[in-house]
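Order of the sequence lines fixes the chain letters, A, B, ..., with proteins taken first and strands second; residue numbering starts at 1 for each chain.
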Amino acid sequence: MSQLQLTLPDGSVKQFDKGTTGLDVAKSISPRLAKAALAVKVDGRVVDLTAPINSDAPVEILTFDQPEGRQVFWHSSAHIMAQAVQELFPGARLAIGPAIDEGWYYDFDVPEPFSPEDLEKIEQKMAEIIREDAVFCRSERPRTEALAASRAQEDVYKAEILEELEDDTVSFYKHSRFEDLCRGPHLPRTGLVKAFKLTASSGAYWRGDENRPMLQRIYGVSYPKKGMLDEYLERLAEAKKRDHRLLGKQLELFTITEEVGGGLVLWLPNGARVRNEIENYWRQEHLRAGYEIVFSPHIANLDLWNRSGHTDFYKEDMFSPFEAEGRAFQLRPMNCPFHISMYKSRRWSYRDLPLRWAELGTVYRFERGGVLHGLMRVRGFTQDDAHHFVTQEGMEDELVWLLDFCVHILKAFGFSNYDVYLSTRPEKAIGDPADWERAQDGLRAALERAGLTYQVDEGGGAFYGPKIDIKIKDALNRSWQCSTIQFDFSLPERFDLSYIAADGQQRRPFMIHRALLGSIERFFGVLIEHYAGNFPLWLAPTQVRVLPITDDLNEYAAAVVERLKEHDIRAVLDSRSEKIGAKIRDAEMLKVPYMFVVGKREAEADSVSVRRHSVGDIGVKKTEEAVRALLDEIATKGLDKSETNE
RNA sequence: GCCGGCGUAGCUCAGAUGGUAGAGCAGCUGAUUUGUAAUCAGCAGGUCAUCGGUUCGAUCCCGGUCGCCGGCUCCA
């Protein structure tokens, strides 16, 4: 029998017989690995553990620790669920059932939506199938044969998938009494699924198209160990506790009322204080960095939006125009046409560029009722927008500079982990494809010079140009898209912008749109969830609560509050006739960072007893010293000195 | 917008086979003067989302509408 040379991830090369399998390889390494093995990656392709390997290749045994291993695990779990559904609901037609980031779903065509009781029954049935420890078997047959069979069974969704596949041969996977069209790979046996839970069910359109039939989707998660499921459920519970809508109510940060309208945010005083801090910092840093801050109105002539192309390319996201004195007006969905109009208010020389104009611009976008979500998805929001007008030669340097500035701002808010994406030309786009290519190359070069690793999102660009998106990771490692840097060669063209170059010729500037925090509303929502409502001192709505032990200390406590206020520290006096325990409890529940407890002893020594939120009593300090410590923490934003870059 | 679930006091939630409702917290008043996560008492607070139907009678059953929640979709 001929031999194979397989390269393991650690670089070592091992000899195997031709036709060996991933499982054999795993066994040869260690029994533990053989037990944990879910699939194997051969030469970059993920295949079944039982698939024969016939040529020399790098191989990697996949377990639940690798993303690809998890995907296989969850996909097999989806098959198990599909079997359970088909056995409990005969006649249920299968659509698709992929693995997703955390778990899987499967879409079914059934006459009635699934009820919570149905899900319980399905879970029980799945447990039976898992106990069978059935083996997953792959088989192949000609596509035409499979298509004829699905048509005969009126298996319309599988038939549609088969029609679109290009291969002559298609694969099926069978376990227990269930078989499904599937590319695979799959787990060796159903018994590997040790813990699972069906987490949700909902309607979902076939192929995400609202003109096609609505199917019923069931979501689930599964794990090779019971403890991992518990951890996952705990993480869900933690996310629920951090929900910005809940904390927004508890901490009286913001409200959204039926009376005012869905997706329109009312910033209550506490939330408004945080917003002010965010905006003050933002303004300060922008001015320091060479931006000018501008203002523009919330509506404009409809003609402006015709010229910018928004009425063609952005219509479904805009509120309908309205009329006054026979002219049509449009509520603004973006700020760019205003900044462009400002640019045209005079002539510019190449010496003036780059121009950096920023605005906290409130825009209004029409979002369908069903998609509104707290602060994360709203109809009116304020972008921390800016437009850079740049010479073509200066473009790349400007992008590199901007990426650096962006990272600096995000860091100040406690975000230093992010994923970077380069989004390219979408189907619906304006402009010459050659310009797109050039712009995409420029962005790519800037990313590389800035030393950022990035992924490419094909077709994810804006209609007017390619873009770089930075998605920050929060404390629960969830991703949020906030920053976006978008290239635009279309608007300068449409509005006939120019500058005078060194040779005296008129040239067309390039334009960059950018938002760093994205929308202040959404960013605030992300901050709330990231910090679980425990804002760092510099952002906290109330920074200190001064708590007198008895009423006769109110006067001293009020004087302490005054001293704090003199230093612009947001301090509040709790002068209620309550026991100190009650005052502390209330301050703790409001997540106020510091409590200054003052009694007779403190009053006599011009001092305060400092208590830190969720930490406890940290001792008595001279008032002067306590104030200085607060000011220091505010100035450094609670970050290490090395991180503040000040 | 579509599918499903939900809508009772400011908040969190009970409630009855259909006979028009309760608790805790918050609020107000009073007493209490307290040393690091809840002092006590009293008062007040509701067209039971809304409109219609069934019924002697609807907050409860049925239907429409609005809103919220979970998805689909889209994105900042």
Rounded to the nearest angstrom, tell me the gap between atom [atom1] in [X] and atom [atom2] in [N].
X: A/R576; N: B/G30; atom1: CZ; atom2: C1'; value: 17 Å
X: A/E602; N: B/U36; atom1: CD; atom2: C1'; value: 11 Å
X: A/R585; N: B/A38; atom1: CZ; atom2: P; value: 7 Å
X: A/F415; N: B/A76; atom1: CZ; atom2: P; value: 18 Å
X: A/L247; N: B/C11; atom1: CG; atom2: P; value: 16 Å
X: A/L553; N: B/U33; atom1: CG; atom2: P; value: 15 Å

Pair of N/O donor and acceptor under 3.5 Å linking [N] base with [X] side chain:
X: A/E367; N: B/A76; value: yes
X: A/S577; N: B/U33; value: yes
X: A/E316; N: B/G1; value: no

Answer with base, sugar-phosphate or nothing: what part of the nucleic acid does [X] contact at a heavy-atom distance below 4.0 Å?
X: A/A515; result: nothing
X: A/E252; result: nothing
X: A/K240; result: nothing
X: A/K249; result: sugar-phosphate
X: A/Q250; result: nothing
X: A/V378; result: base
X: A/I580; result: sugar-phosphate
X: A/G599; result: base

Parallel, tilted or perpendicular: rings of A/F405 and A/Y291 (30°, 60°): tilted

Whether A/F415 and A/Y531 hold their rings parallel, tilted or perpendicular, with breakpoints at 30° and 60°: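 The rings of A/F415 and A/Y531 sit tilted, inter-plane angle from 30° to 60°.
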
Check: A/H530 ring centroid to A/F413 ring centroid under 6.0 Å: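 Aromatic pair excluded; centres sit 6.0 Å or further apart.
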
Donor-acceptor pair between A/Y364 and A/R332 side chains, under 3.5 angstrom: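 A/Y364 vs A/R332: no donor-acceptor pair found between side chains.
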
A/Q481 side chain to A/D469 side chain, donor-acceptor N/O pair below 3.5 angstrom: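 Looking only at side-chain atoms, A/D469 and A/Q481 do form a donor-acceptor pair, the distance falling under 3.5 Å.
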
Per-nucleotide protein contact string for nucleotides 63-72 of chain B (B base, S sugar-phosphate only, - none; heavy atom under 4.0 Å): ---SSSSBBB

Heavy-atom side-chain contact between A/I278 and A/L527 under 4.5 Å: yes

B/A26 versus B/C13 - spacing of their C1' atoms, nearest Å: 14 Å

Canonical and wobble pairing (Watson-Crick, G-U, under 3.5 Å) of RNA chain B, dot-bracket with |: (((((((..((((.....[..)))).(((((.......))))).....(((((..]....))))))))))))....

Over-ring placement of A/R545 relative to A/F596, 6.0 Å and 45° cut-offs: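 The answer is no; the distance or angle limit is not met.
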
